[in-house]
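Notes follow the structure.
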Amino acid sequence: MKNKTMLCMCCVVMTLMSSCEKFVEPAEGFGNLKVKSQTRDDDNVVQDVSQGNIYVFNHQGALVEMKAISNSQASFNLPAGTYQLTAVGGDHLTVFNLPTGSGTTTESLITLKEGENMSDLQMKQKNVTIVDGDRLDQPMELERKVTCIESVEVTGVPVSATNVSMEIGSFYNAIKLDGTYPNNSVTNYQVALTVQNDGTTWKALPNKMLFPSNGLPTIKITITDNKGFQQFSFTASEAMSANHKYKICGSYETMQGGVVSASLSAVDWAESSTIAFGFDEQNYIYEPVARQKCNGYYVVSVNESARTAVLWAKKRLEYTEPASSTDSPEWRSALNAAMSALPKPVGVEGTWRLPTLAELSIFCSDENMVIFSNEGNSPLYLCLDGDVLKYGYVKRVSDTFQTHSGTNLGGEWLRPVIDIHY
């Protein structure tokens, strides 16, 4: 039998009697249930299912009997009554943890074994009633329970990029024997893209099978260069459903800080569908890392437990310098006017403020962010030391950095910080 990864349609034919096979008369009050598993390949040729399990449950959802198919079939002698049948089929069922044992119910889970790649999985449930001497012919058409991410691509990426990755989620990571997915069991899928010959296209061909998305999927693209990274997030308007293959195609444009548009299209397993979407800098998300750039802003510090961070403004601000050389209401008013006119990062609710002396010592000691004079001094920035307005700077001495400050104001740079929640 040809081993096909992509199956077009599966059917399980359940018969109590076949005219071309000998039939063993069941005991009184029993019926004989013979299950034969078949599939159609991509050429619509009928083939036997390579691997499969048949579960028989009573009306309370408890397992009565389970058999793996042998020579594409399994037979059961069952008391007269009503049963729920669950057929599970696929080309590589060995990658799954399949429920077995007397404790199995319709609520039992099928999960992927650790370290394995998911393969095709089809299932179907059907209620049947067996009466004494009944010879039932009960067909079942299996339904594919997985989706497939065929390819992901982002074009127009700046040549300075050193890494592009995509995270998609959330997806179910289990399925019950009744054919439903548990809401409390989800996972995300991450894939690293590889730069192509043109230097601006990043692509991957994962052909990754997954259980379908739990609701509307969120797609996150991370573009990294030697200055930091930018992240974009978008929630699709349709779920990624079972029995579909998807291509995710994004287009990056370096306008207004970065605009990304993308489309998500489905390729036939069943009927085709297309989900198109676009996102730009309004869809920035913040996952800051201290002393790195995040969406163009230098991250001064991060409090992971509180999920807060401090971002440094992208450039220094012009302000009207008061006549006095010490802290005064005129100084505070001039600085507040300049900071209030500075646009905030997208999606941030806080306000710009003066950095503390401790915060100043962080960014002024980062040689990627400041230029030191021949004497080893950083620029002088305005800051707060407690409640006192001061200037501060860092002096590089060999491999160490020393922070200095003073109160004789005049000519210092204003580059504020802002607190964010992420």
Side-chain angles (χ1 to χ4, degrees), residues 160 223-232 254-259 280-303 306-322 327 330-373 377-394 401 403-406 409-422:
S160 60
I223 299 175
T224 305
D225 58 23
N226 57 9
K227 296 181 180 179
F229 58 88
Q230 295 182 348
Q231 293 181 313
F232 306 86
T254 54
M255 297 187 301
Q256 299 179 349
V259 178
D280 55 23
E281 66 273 11
Q282 297 299 318
N283 299 98
Y284 272 147
I285 59 173
Y286 295 89
E287 292 189 1
V289 177
R291 298 178 70 89
Q292 293 186 18
K293 279 193 173 182
C294 176
N295 296 343
Y297 292 93
Y298 181 81
V299 181
V300 180
S301 63
V302 176
N303 185 329
R307 295 191 64 80
T308 61
V310 177
L311 304 183
W312 194 28
K314 293 181 178 180
K315 61 183 180 180
R316 59 180 171 138
L317 307 182
E318 299 293 334
Y319 65 96
T320 302
E321 185 176 312
D327 190 2
E330 290 77 19
W331 269 99
R332 300 297 181 110
S333 177
L335 300 180
N336 288 335
M339 290 189 291
S340 63
L342 178 64
K344 294 181 289 187
V346 175
V348 173
E349 299 296 330
T351 57
W352 293 105
R353 61 172 175 82
L354 288 167
T356 65
L357 184 60
E359 291 167 340
L360 178 146
S361 68
I362 294 174
F363 57 72
C364 278
S365 62
D366 191 328
E367 297 179 89
N368 293 318
M369 298 306 299
V370 300
I371 298 175
F372 290 89
S373 68
N377 295 327
S378 75
L380 277 64
Y381 290 97
L382 291 164
C383 66
L384 287 177
D385 187 3
D387 292 328
V388 180
L389 178 63
K390 292 184 176 182
Y391 69 83
Y393 69 97
V394 166
F401 298 91
T403 303
H404 301 272
S405 65
L409 304 177
E412 293 81 16
W413 289 2
L414 171 61
R415 193 166 174 180
V417 297
I418 193 168
D419 301 290
I420 70 166
H421 293 269
Y422 66 94

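Predicted model, so just to flag it, every value in this text is computed and none were measured.
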Calculate, to the nearest 0.5 Å, the distance between atoms SG and NE2 belonging to Cys364 and His404 respectively.
-> 11.5 Å
Just by distance, do the side chain of Asn377 and the backbone of Ser373 share a donor-acceptor pair under 3.5 Å?
-> no
Decide yes or no on side chain to side chain contact (heavy atoms under 4.5 Å, CB included) for Val348 and Tyr286, but give the supporting numbers first.
-> CA-CA 10 Å; Val348 173; Tyr286 295 89; 4.2 Å; yes
Sub-3.5 Å donor-acceptor pair from the side chain of Ser340 to the main-chain atoms of Ala337, do we have one?
-> yes
Approximate separation, where rounding is to 0.5 Å, of Tyr393 OH and Cys383 SG = 12.0 Å
CA sep, side-chain torsions, deciding dist, call: Lys293, Met369, side chain to side chain contact (heavy atoms under 4.5 Å, CB included) | CA-CA 10 Å; Lys293 279 193 173 182; Met369 298 306 299; 4.1 Å; yes
Is a side-chain N or O of Arg307 found less than 3.5 angstrom from the main chain of Tyr422, in a donor-acceptor match?
-> yes
Taking the side chain as every heavy atom from C-beta outward, state whether Trp331 and Tyr319 have any pair of such atoms under 4.5 Å apart.
-> yes
Distance-minimising heavy-atom pair for Ser361 and Thr403 = CB-OG1, 3.1 Å
Look at the aromatic rings of Phe363 and Trp312 and report parallel, tilted or perpendicular, splitting at 30° and 60°.
-> parallel
Please walk me through it: do Val289 and Phe229 pass side chain to side chain contact (heavy atoms under 4.5 Å, CB included)?
-> CA-CA 10 Å; Val289 177; Phe229 58 88; 4.2 Å; yes
May I ask you to test the Val310-Val299 pair for a side-chain heavy-atom distance under 4.5 Å?
-> no
Whether Ser160 side chain and Asp225 backbone form a donor-acceptor pair below 3.5 Å | no
For residues Lys344 and Gly350, report the shortest heavy-atom separation together with the two atoms involved.
-> CD-O, 2.6 Å
Would you find a donor on one side and an acceptor on the other, under 3.5 Å apart, between the side chain of Trp352 and the backbone of Leu342?
-> yes
Closest heavy-atom pair, Arg332 versus Asp327, reported as atoms and distance to 0.1 Å, is NH2-OD2, 2.8 Å
Spacing of Thr308 atom OG1 and Asn303 atom CG [to the nearest 0.5 Å] | 4.0 Å
To the nearest 0.5 Å, tell me how far Thr351 OG1 sits from Asn336 CG.
-> 9.0 Å
Is there side-chain contact between Tyr391 and Ser405, with at least one heavy-atom pair below 4.5 Å?
-> no
Closest non-hydrogen atom pair between Val370 and Ser378, with its separation | CG2-CB, 4.4 Å
Kindly give the heavy-atom pair with the smallest separation between Glu318 and Ala338, and that separation in Å.
-> O-CB, 3.5 Å
Any side-chain heavy atom of Tyr381 sitting closer than 4.5 Å to one from Glu359?
-> no
Compare every heavy atom of Ser301 with every heavy atom of Ala290, then report the nearest pair and how far apart it is.
-> CB-CA, 4.4 Å
For Gly411, does its backbone N or O pair with a side-chain atom of Glu321 as donor and acceptor, under 3.5 Å?
-> yes
With Leu354 via side-chain contact (heavy atoms from CB on, under 4.5 Å) - residues at least two apart | Leu335, Met339, Leu382, Leu384, Leu389, Leu414
Ionic contact status for Arg353 with Asp419, cut-off 4.0 Å | yes
dist Lys390:NZ -> Leu409:CG (nearest 0.5 Å) comes out at 10.5 Å
Please test Leu380 against Glu412 for side chain to side chain contact (heavy atoms under 4.5 Å, CB included), starting from the C-alpha separation and ending with a verdict.
-> CA-CA 5 Å; Leu380 277 64; Glu412 293 81 16; 4.0 Å; yes
Under the 3.5 angstrom rule, does the side chain of Arg291 hit a backbone N or O of Val300 as a donor-acceptor pair?
-> no
